[in-house]
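I have placed the structure first, in the form of structure tokens, so that the comments after it can refer back to it.
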Amino acid sequence: MFIFSTPPDNLSIQEFQKNESIDVEVVQLISTEILPYANFIPKEFVGQIMTMLNKGSIHSQSSSFTEAEIDIRMREEFSKVCFETLLQFSFSNKVTTPQEGYISRMALSVLLKRSQDVLHRYIEDERLSGRCPLPRQQVTEIIFVLKAVSTLIDSLKKTQPENVDSSTWAQVIALYPTLVECITCSSSEVCSALKEALVPFKDFMHPPASKVQNGES
């Protein structure tokens, strides 16, 4: 098992897949048997878990595999389950204790940072690729991130504004310019997911507050 680390180059594809399946099971165990009991877990330990999930959500591959094998080498399932775990705990309407609130805010911050990184990398890579399409894995990754952003915003809109701290709102709003930069992307699938992510931002747009002048507003 090489959870949260770069796999050795001397592994066969079969060994790689076996180890990845174990890693996926470990993350699922964290999701179902550890994080739900955050009230009884030290904050430092939870912070380490969030850091590892963030690292695990990043696709990795080995240069020792041939081009035909790269699709298998990519840790898609593992990356996805890490990201889904972050999303699961990034926001919850069931927060009842300060510790649970802390876990929620921490996961949300990590998720938003991860989303921002994925978006920036996609924009830059597509700019450098010219007319060459980006790897399927990267397209799949950004689509997944865009759908997660859409889901996250919908969740935020369903709660009372005072229950979400100002730094979280700042991170969410900071995503908007980056999302706009993606509008020139060539993938129709990405464009469709991007539309779903952009539309919810309309609820964050309000006219400027009018100033009172001479006793009149």
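Note: hydrogens, waters and symmetry copies are ignored here, and every other heavy atom, side chains too, is used. Please read these numbers as outputs of a predicted model, since none were measured by experiment.
In this structure, Ile173 has no side chain to side chain contact (heavy atoms under 4.5 Å, CB included) partners at least two apart in sequence or on a different chain. Under the side chain to side chain donor-acceptor pair (under 3.5 Å) criterion, Ser150 pairs with no residue, sequence neighbours left out. Among residues two or more places apart in sequence or in another chain, the ring pair (Phe, Tyr, Trp, His ring centres under 6.0 Å) test is passed with Tyr176 by Phe201. For Asp117, the salt bridge (Lys or Arg N to Asp or Glu O under 4.0 Å) partners two or more places apart in sequence, or in a different chain, are Lys113. The ring pair (Phe, Tyr, Trp, His ring centres under 6.0 Å) search around Phe144 returns Phe83, not counting sequence neighbours.
Of the inter-residue distances, the one linking Ser187 atom OG with Ile142 atom CD1 reads 9.0 Å to the nearest 0.5 angstrom. Distance check, rounded to the nearest 0.5 Å: CD of Gln138 to CZ of Arg121 gives 5.5 Å. A distance of 8.0 Å separates CD1 of Ile123 from CG of Leu179, quoted to the nearest 0.5 Å. Of the inter-residue distances, the one linking Lys147 atom NZ with Ser192 atom OG reads 7.5 Å to the nearest 0.5 angstrom. Rounded to the nearest 0.5 Å, atoms CD (Glu126) and SG (Cys132) are 11.5 Å apart.
In terms of heavy atoms, Leu134 sits closest to Val139 at O-CG2, 4.2 Å. Minimum interatomic distance between Val190 and Tyr122 (heavy atoms only, all atoms of both residues): CG2-OH, 3.6 Å. Considering all non-hydrogen atoms of both residues, Cys82 and Leu53 come closest at CB-O, 3.5 Å. Nearest approach of Leu175 to Leu112, heavy atoms of both residues: CD1-CD2, 3.7 Å. Annotation for Ile153 and Ala197: closest pair CD1-O, 4.2 Å, computed over non-hydrogen atoms.
Between Gln171 and Gln116 there is no side-chain heavy-atom pair separated by less than 4.5 Å. Met50 places a side-chain heavy atom less than 4.5 Å from the side chain of Leu35. Side-chain contact check for Ile34 versus Val46: every heavy-atom pair is 4.5 Å or farther apart.
No side-chain donor-acceptor contact under 3.5 Å links Glu141 to the backbone of Val118. Between the side chain of Ser115 and the main chain of Leu111, a donor-acceptor pair closer than 3.5 Å is present. Listed for the Thr85 side chain is a donor-acceptor partner under 3.5 Å among the backbone atoms of Val81.
We find that Glu124 and Arg127 are joined by a salt bridge, their nearest charged nitrogen and carboxylate oxygen being less than 4.0 Å apart.
Following chains of ILVMFWY side-chain contacts shorter than 4.5 Å, one cannot reach Leu119 starting from Val199, and the two form parts of different hydrophobic clusters. Hydrophobic clustering of Ile, Leu, Val, Met, Phe, Trp and Tyr side chains at less than 4.5 Å, counting indirect connections, unites Ile183 with Leu146.
Residue pairs meeting the side-chain hydrogen bond (donor to acceptor under 3.5 Å, both in side chains) criterion with at least one member in residues 193-204, sequence neighbours excluded, are Lys157-Asp203.
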